[in-house]
Trainee: 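One structure follows; several queries about it will come next.
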Amino acid sequence: MFQRESDWLISGPALDAVQQQIREWLAEDIRNGDVTTMVTVPPGHRSRGIIHAKEAGVLAGLPVARLVFQTVDPTLVFEAKAEDGAKIERGTVLATVEGSTHSILTGERLALNLLQRLSGIATKTRVFVDAVKGYSVRISEARKTTPGHRILEKYAVRIGGGHNHRFGLYDAVLIKDNHIKAAGGIRQAVFSAKENIPHTMMIEVEVETLEQALEAAEAGANIIMMDNMSIAAMKETVTRLRAIAPHVIIEASGGIRPDTVAEVASCGVDVIAVGSLTYSFQALDISLDLNEQKKVSQP
């Protein structure tokens with residue numbers, strides 16, 4: 001077991017994948033070098049970069065920022081002043097990075113871009129998680145992530161207190177409307193899936209009506225996702241499913257907002273999938289100042 005949510009990102013296959021992405025992103029940004037820094041900053045110049053928040057939120061991405069600076073220049077000394085998952089206020093110092101000014105300025109933009117995006121996702125996730133406190137339900141993202149950023153964005157959801165849905169097309173069966181059409185129906189799609197996957201893999205079916213949900217449960221689906229159903233329809237569907245298939249995991253999705261998520265949770269679902277966590281969020285405003293932190297003006 002990992003002691004902290006951040007541990008899985010900075011070890012094993014996840015770390016290898018993130019490091020490879022960082023190298024590619026740096027190559028995209030730098031190419032032959034940071035021209036502005038090279039022509040304005042004397043060689044050998046040293047500085048201390050102060051990374052700080054310019055608005056309140058939930059911090060996520062410090063291990064990633066560290067990796068960016070260390071990839072640019074292994075001699076840079078990165079010191080975290082806060083932890084991922086912490087609620088931060090305007091003006092909070094998040095980390096410092098010391099060493100070559102050239103290296104700090106070269107890695108600054110990528111490190112901040114990632115830190116801002118991940119903190120924005122974690123902040124939005126925490127809003128949803130806080131809204132359903134008291135309910136036995138998980139908040140999850142969906143597979144609607146930015147290409148190339150999936151591991152990091154799903155990490156940010158976890159840091160915000162949420163849970164992860166499937167990582168890709170390869171690790172679970174999720175039968176949606178187009179699969180149902182092509183297979184000839186829900187029953188046929190579920191039966192075909194059960195015949196062709198290992199017994200360790202789950203089968204989820206997306207449904208839009210009570211009748212479809214009951215058919216999926218009777219066919220042997222492990223997870224039933226109610227998509228864009230009304231509150232009344234969800235409540236009835238949950239009641240009927242609990243009666244005939246008590247072990248089925250029931251999920252809700254489709255346009256769920258912070259002001260409606262508690263009502264969805266009250267229907268008795270196990271999981272609420274919110275795709276907007278990773279495709280419609282506001283990045284947190286985070287900055288890096290050399291040697292002296294600028295005063296944060298009032299909003």
Side-chain angles (χ1 to χ4, degrees), residues 124-125 127-129 131-132 134-145 154 157 162-280:
K124 183 168 185 175
T125 301
V127 171
F128 277 87
V129 170
V132 297
Y135 293 100
S136 181
V137 65
R138 289 184 169 192
I139 298 296
S140 167
E141 84 309 270
R143 201 167 51 86
K144 298 175 181 179
T145 53
K154 283 180 171 285
V157 169
H163 292 76
N164 293 144
H165 212 284
R166 60 177 179 162
F167 265 72
L169 295 172
Y170 55 87
D171 60 351
V173 174
L174 203 173
I175 300 171
K176 299 169 76 71
D177 54 352
N178 285 329
H179 301 106
I180 293 168
K181 289 178 185 177
I186 289 176
R187 195 175 302 275
Q188 294 90 326
V190 173
F191 286 171
S192 180
K194 291 173 75 173
E195 286 292 318
N196 290 286
I197 61 171
H199 69 279
T200 55
M201 186 172 285
M202 303 279 267
I203 298 175
E204 180 169 7
V205 180
E206 180 184 271
V207 302
E208 298 176 352
T209 66
L210 168 62
E211 292 70 28
Q212 287 182 330
L214 296 177
E215 183 180 356
E218 291 167 356
N222 306 107
I223 309 167
I224 294 174
M225 178 195 290
M226 302 180 295
D227 187 48
N228 285 300
M229 293 173 64
S230 68
I231 295 296
M234 282 193 284
K235 286 183 176 179
E236 183 181 3
T237 301
V238 170
T239 300
R240 295 285 296 277
L241 286 175
R242 297 295 186 214
I244 68 169
H247 300 298
V248 166
I249 298 170
I250 305 175
E251 182 176 339
S253 72
I256 299 169
R257 308 184 307 271
D259 61 328
T260 62
V261 68
E263 190 175 17
V264 174
S266 73
C267 296
V269 298
D270 302 299
V271 180
I272 298 175
V274 184
S276 66
L277 294 181
T278 56
Y279 75 74
S280 179

Trainee: Taking atom CZ of Arg242 as the centre, report whether more than 12 heavy atoms of other residues, nucleotides or ligands fall under 6.0 Å from it.
Mentor: yes
Trainee: Take Thr237 and Arg240 through the side chain to side chain contact (heavy atoms under 4.5 Å, CB included) test and state the conclusion after the steps.
Mentor: CA-CA 5 Å; Thr237 301; Arg240 295 285 296 277; 5.9 Å; no
Trainee: Between the side chain of Glu204 and the main-chain N/O of Asn222, is any donor-acceptor distance below 3.5 Å?
Mentor: no
Trainee: Between atom SG of Cys267 and atom CD of Glu236, what is the distance when rounded to the nearest 0.5 Å?
Mentor: 11.5 Å
Trainee: Going by the rule side chain to side chain contact (heavy atoms under 4.5 Å, CB included), which residues pair with Thr260 if we only count those two or more places apart in sequence or in a different chain?
Mentor: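 Applying side chain to side chain contact (heavy atoms under 4.5 Å, CB included) to Thr260 gives Ile256, Arg257.
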Trainee: Which pair of non-hydrogen atoms, one from Val269 and one from Met226, has the smallest distance, and what is that distance?
Mentor: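 Closest pair (atom of Val269, atom of Met226, distance): CG1-CE, 3.5 Å.
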Trainee: Measure the CD-CD1 distance between Gln188 and Ile180 for me, rounded to the nearest 0.5 Å.
Mentor: 10.0 Å
Trainee: State, to 0.1 Å, how close Ser266 and Lys235 come at their nearest heavy-atom pair, and which atoms those are.
Mentor: OG-CE, 4.2 Å
Trainee: Can you name the closest pair of heavy atoms from Val127 and Pro258 and give their distance?
Mentor: CG1-CB, 3.9 Å
Trainee: Do Lys194 and Met201 pass the side chain to side chain contact (heavy atoms under 4.5 Å, CB included) test, and can you show the C-alpha distance, the side-chain angles, and the key distance before you say yes or no?
Mentor: CA-CA 9 Å; Lys194 291 173 75 173; Met201 186 172 285; over 6 Å; no
Trainee: If only side-chain N and O atoms count, and only distance matters, is there a donor-acceptor pair under 3.5 Å linking Ser276 with Lys124?
Mentor: yes
Trainee: Just checking Glu263: does its CD atom have more than 12 heavy atoms from other residues, nucleotides or ligands closer to it than 6.0 angstrom?
Mentor: no
Trainee: Could you tell me if Asn228 and Glu208 have a donor-acceptor pair between their side chains, going purely by distance under 3.5 Å?
Mentor: no
Trainee: Looking at every heavy atom in both Arg187 and Glu215, which two are closest together, and how far apart are they?
Mentor: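 Scanning both residues completely, I find the closest heavy atoms to be N-OE2, 3.4 Å.
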Trainee: Take Val190 and Val205, measure what side chain to side chain contact (heavy atoms under 4.5 Å, CB included) needs, and give me the verdict at the end.
Mentor: CA-CA 8 Å; Val190 173; Val205 180; 3.7 Å; yes
Trainee: Is a side-chain N or O of Thr125 found less than 3.5 angstrom from the main chain of Gly162, in a donor-acceptor match?
Mentor: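 Looks like no, no N/O pair under 3.5 Å.
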Trainee: Is there a donor-acceptor contact under 3.5 Å linking the side chains of His165 and Glu251?
Mentor: yes
Trainee: Given side chain to side chain contact (heavy atoms under 4.5 Å, CB included), test Leu241 with Ile224 step by step and report yes or no.
Mentor: CA-CA 9 Å; Leu241 286 175; Ile224 294 174; 3.8 Å; yes
Trainee: Look only at the side chain of Glu195 and the backbone of Phe191, and say whether a donor-acceptor pair between them is shorter than 3.5 Å.
Mentor: no
Trainee: Side chain of Lys154, backbone of Arg166: donor and acceptor closer than 3.5 Å?
Mentor: yes
Trainee: Can you list the residues that meet the side chain to side chain contact (heavy atoms under 4.5 Å, CB included) rule with Ala265, with sequence neighbours excluded?
Mentor: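 If we apply the side chain to side chain contact (heavy atoms under 4.5 Å, CB included) test to Ala265, skipping adjacent residues, the hits are Val132, Tyr135, Val137, Ile272.
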Trainee: Picking from Val238, Ile223, Val271, what satisfies side-chain contact (heavy atoms from CB on, under 4.5 Å) with Ile250?
Mentor: Val238
